[in-house]
J.: 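So that we are looking at the same thing, I have put the structure below in structure tokens.
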Amino acid sequence: MDRNIILAGLAGAALVLGGCGGDKSASNDTKVEKVSKKKSDKVVEVYITQLNAIADAVEAVYDEKSAEKAAKIIAKASNEMNSFTEEIENMSDMQRGLMFARRAQDFVEPQQNIAL
């Protein structure tokens with residue numbers, strides 16, 4: 001049951017992060033600015049690292065005490081991912097898509113581990 005609560009929280013966090021940057025002006029959507037590959041690689045690397053930390057935390061839940069420990073790890077990971085929210089919101093939809101598409105396969109395993 002604790003695992004289901006954590007999974008529900010993760011699903012909610014994913015929805016919140018997925019909704020970032022919703023109100024974009026038309027000029028920002030059509031204008032493709034260069035985003036440094038180094039900067040975008042750092043953002044993606046942080047997301048992948050934190051998704052793996054969340055997946056490991058969820059897998060380690062077996063009782064209330066381990067669920068509390070996992071909740072702390074998940075909160076820390078969420079804060080780390082949120083630290084890039086402003087940078088991501090300032091990117092165009094195309095920039096965000098390209099940034100994450102380059103490493104899309106790296107997101108699959110942690111997401112599957114979280115879902116199971």
Side-chain angles (χ1 to χ4, degrees):
M1 181 159 161
D2 290 328
R3 189 177 191 145
N4 291 336
I5 292 170
I6 292 171
L7 290 175
L10 289 173
L15 291 173
V16 169
L17 290 174
C20 289
D23 191 89
K24 295 287 183 185
S25 66
S27 63
N28 198 17
D29 282 340
T30 57
K31 182 180 176 187
V32 178
E33 301 166 4
K34 284 193 170 186
V35 174
S36 94
K37 188 173 185 304
K38 192 174 193 177
K39 185 181 215 177
S40 65
D41 284 348
K42 180 180 179 185
V43 171
V44 173
E45 190 60 38
V46 166
Y47 270 75
I48 291 169
T49 300
Q50 298 310 319
L51 278 175
N52 280 312
I54 291 169
D56 292 345
V58 170
E59 286 181 35
V61 173
Y62 56 90
D63 63 7
E64 189 173 335
K65 186 175 181 177
S66 62
E68 289 172 3
K69 183 177 178 182
K72 290 177 185 175
I73 293 169
I74 292 166
K76 182 180 176 187
S78 177
N79 287 337
E80 186 71 26
M81 291 193 293
N82 286 334
S83 70
F84 290 102
T85 299
E86 186 175 334
E87 289 178 43
I88 294 170
E89 286 178 346
N90 290 329
M91 295 178 186
S92 70
D93 291 340
M94 183 179 289
Q95 290 169 324
R96 278 193 300 268
L98 289 173
M99 179 178 71
F100 287 106
R102 286 194 298 256
R103 301 276 305 273
Q105 190 59 37
D106 294 329
F107 286 96
V108 174
E109 184 178 348
Q111 289 175 338
Q112 286 176 338
N113 290 341
I114 291 168
L116 299 175

J.: Rounded to the nearest 0.5 Å, how far apart are CD1 of Ile74 and CG of Asn79?
T.: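 Output value for this atom pair is 12.0 Å.
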J.: How many angstroms lie between CD in Glu45 and CD in Gln50, if you round to the nearest 0.5 Å?
T.: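 With rounding to 0.5 Å, CD (Glu45) is 10.0 Å from CD (Gln50).
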J.: Indicate if Ile73 and Val58 have the same hydrophobic cluster label, given that clusters are the connected sets of ILVMFWY residues with side-chain heavy-atom separations under 4.5 angstrom.
T.: no
J.: What are the two closest non-hydrogen atoms of Glu87 and Val43, and how far apart are they?
T.: OE1-CG2, 4.0 Å
J.: Can you tell me how far the OG1 atom of Thr49 sits from the NZ atom of Lys42, to the nearest 0.5 Å?
T.: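 That separation rounds to 11.5 Å.
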J.: Between Asp63 and Ser66, is any side-chain donor less than 3.5 angstrom from a side-chain acceptor?
T.: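 There is such a pair (donor and acceptor under 3.5 Å, judged by atom type) between the side chains of Asp63 and Ser66.
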J.: So how far is it from Tyr47 OH to Ile54 CD1, rounded to the nearest 0.5 Å?
T.: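 Answer rounded to 0.5 Å: 10.5 Å.
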J.: Identify the heavy atoms of Ser83 and Glu80 that sit nearest to each other, and give their distance.
T.: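 The pair with the smallest heavy-atom distance is OG-O, 2.6 Å.
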J.: Should Leu51 and Val46 be counted in the same cluster of Ile, Leu, Val, Met, Phe, Trp and Tyr side chains packed under 4.5 Å apart?
T.: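 Same hydrophobic cluster.
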